[in-house]
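As structure tokens, the structure follows; a few thoughts come after it.
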Amino acid sequence: GIMAVTEEDEEIDKTIRMYKERIDRVAGQVNMAAPEEYETKSKELTELTTQRDDLQKAVDDLENAIRKLNKEARTRFIETFEQVKRNFTSMFTSLFEGGEATIHLEENVDPLEAPIHINVRPGGKKMRGVQLLSSGERALTAISLLFALYMVKPSPFCILDELDAPLADANVERFVRVLRQFSAQTQFIIITHNKRTMEAADVLYGVTQREQGKIGRASCRE
């Protein structure tokens, strides 16, 4: 016989159709290539992670190297600075025939970044900064510092371009005396207009312009 379809059976049938539709929709959205894509992306992630780790290690190594270099640089700078400081005091006293001079680093600052302060006292005057000196005194102070640096690491040649220009005659004599002191181990080439400096030279080279565009040269040996 024919079984009567009850309302409950219809409801069940409706529910079945609904789930079938859901299954069809879900099945239609499934990417069958997903496993392969996952493997590819996973490999790329591994490679990128490795590269990132390598770069981070390189950064760490560079930072360690910088710290070591800075430590070494500070040590060498302070050692050299102390030598220059002693030399500067000695050279200043010699050039000024008395007085006092010192250089020091600003406190509580990294030595590699710290400003360097110069304080000097020519004979008979008060201790002061170089900005308060006369032009001649500043020139002698600069020469003192120049030779203080030179004494740390002398060179076989030294070129001085009108270093004596701001100096008075008496100070030129002191400057020449210092040159003679170091000339035994260094050859000085000096560009100058000062006759006293020329008189102290072993060899003179004169350059003149006789006519426009024509350069003449003369030399003489003491």
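Just so you know, residue 1 is the first one in the sequence shown, and it goes up from there.
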message: So which atom in Pro166 and which in Ser135 form the shortest heavy-atom distance, rounded to 0.1 Å?
response: CB-O, 4.2 Å
message: Within the structure provided, determine whether Glu63 and Arg67 are in side-chain contact (heavy-atom separation under 4.5 Å).
response: yes
- request: Verify the cluster assignment for Phe81 and Leu112: are they in a single hydrophobic cluster under the rule of side-chain heavy atoms below 4.5 Å apart?
  value: yes
- prompt: Going through the distances and angles, do Leu149 and Thr80 end up as a side chain to side chain contact (heavy atoms under 4.5 Å, CB included)?
  reply: CA-CA 9 Å; Leu149 292 167; Thr80 303; 5.9 Å; no
field: Straight-line distance of Glu44 CD to Thr46 OG1, nearest 0.5 Å
entry: 10.0 Å
field: Between Arg174 and Asn171, a side-chain donor and acceptor under 3.5 Å
entry: yes
- prompt: Do Phe77 and Val84 belong together in a cluster built from hydrophobic side chains that touch within less than 4.5 Å?
  reply: yes
message: Would you say that Tyr205 contacts Ile189 through its side chain, given a criterion of any heavy-atom pair below 4.5 Å between the two side chains?
response: no
- line: Output for pair (Leu145 CG, Met91 CE), nearest 0.5 Å, gives 10.5 Å
- request: Could you grab the distance from atom CG of Asp202 to atom OG of Ser183, nearest 0.5 Å is fine?
  value: 7.0 Å
field: The single option from Asp53, Asp60, Asp61 passing side-chain hydrogen bond (donor to acceptor under 3.5 Å, both in side chains) against Lys57
entry: Asp61
query: Taking it one step at a time, do Lys68 and Glu72 satisfy side chain to side chain contact (heavy atoms under 4.5 Å, CB included)?
result: CA-CA 6 Å; Lys68 289 180 180 178; Glu72 179 69 17; over 6 Å; no
- prompt: Is the shortest heavy-atom distance from the side chain of Ile116 to the side chain of Leu105 under 4.5 Å?
  reply: yes
message: Do the side chains of Glu39 and Lys43 get close enough for a salt bridge, i.e. N-O under 4.0 angstrom?
response: no
- request: Report yes if the side chains of Met198 and Thr192 come closer than 4.5 Å at any heavy-atom pair, otherwise no.
  value: yes
- prompt: Taking it one step at a time, do Ile118 and Phe88 satisfy side chain to side chain contact (heavy atoms under 4.5 Å, CB included)?
  reply: CA-CA 10 Å; Ile118 302 175; Phe88 175 63; 3.9 Å; yes
- prompt: Counting distance only, does the side-chain N/O of Thr40 pair as donor-acceptor with the main-chain N or O of Glu36 below 3.5 Å?
  reply: yes
statement: Minimal heavy-atom distance between Val109 and Ala114, with the atoms involved, is CG1-CA, 3.6 Å
- prompt: To the nearest 0.5 Å, how far apart are NZ in Lys71 and CD1 in Ile66?
  reply: 16.0 Å
field: Ion pair check, Glu47 and Arg52, cut-off under 4.0 Å
entry: no
field: Heavy atoms of other groups near Leu48 CG, more than 12 under 6.0 Å
entry: yes
query: Should we count CZ of Arg76 as having more than 12 external heavy atoms under 6.0 Å?
result: no
message: Between Leu163 and Leu146, is there a side-chain heavy-atom distance shorter than 4.5 Å?
response: yes
- prompt: When you check the side-chain N and O atoms of Thr102 and Asn119, is any donor under 3.5 Å from an acceptor?
  reply: no
message: With heavy-atom distances below 4.5 Å as the criterion, would you say the side chains of Arg196 and Asp169 are in contact?
response: yes
Phe157 versus Gln187, closest heavy-atom pair with distance: CE2-OE1, 3.1 Å
query: Considering only heavy atoms from C-beta outward, does the side chain of Val178 approach that of Ile143 to under 4.5 Å?
result: no
field: Closest non-hydrogen atom pair, Ser144 against Leu95
entry: OG-CD1, 3.2 Å
- prompt: Does Leu204 belong to the same Ile/Leu/Val/Met/Phe/Trp/Tyr cluster as Ile191, with side-chain heavy atoms less than 4.5 Å apart forming each link?
  reply: no
field: Test item: Thr141 side-chain N/O and Glu137 main-chain N/O as donor-acceptor pair under 3.5 Å
entry: yes
query: Would a 4.5 Å heavy-atom cut-off, applied to side chains only, mark Met151 and Phe182 as touching?
result: yes
message: Just verifying a value: how many Å separate Glu173 CD and Asp164 CG, rounded to the nearest 0.5 Å?
response: 11.5 Å
- prompt: Do Ser94 side-chain atoms and Ser90 backbone N/O form a donor-acceptor pair below 3.5 Å?
  reply: no
task: Kindly determine whether Leu160 and Phe175 satisfy side chain to side chain contact (heavy atoms under 4.5 Å, CB included), including the steps that lead there.
output: CA-CA 12 Å; Leu160 305 175; Phe175 167 64; 4.0 Å; yes
- request: Could you verify whether a donor N or O on one side chain and an acceptor N or O on the other, from Asn87 and Gln83, lie under 3.5 Å apart?
  value: no
message: Please check this pair: side chain of Arg138 against backbone of Leu133, looking for a donor-acceptor N/O pair closer than 3.5 Å.
response: yes
- prompt: Between Thr186 (side chain) and Ser155 (backbone), is there a donor-acceptor pair under 3.5 Å?
  reply: yes
Thr89 side chain to Ala101 backbone, donor-acceptor under 3.5 Å: yes
field: Arg74/Asp110 ion pair, N-O < 4.0 Å
entry: yes
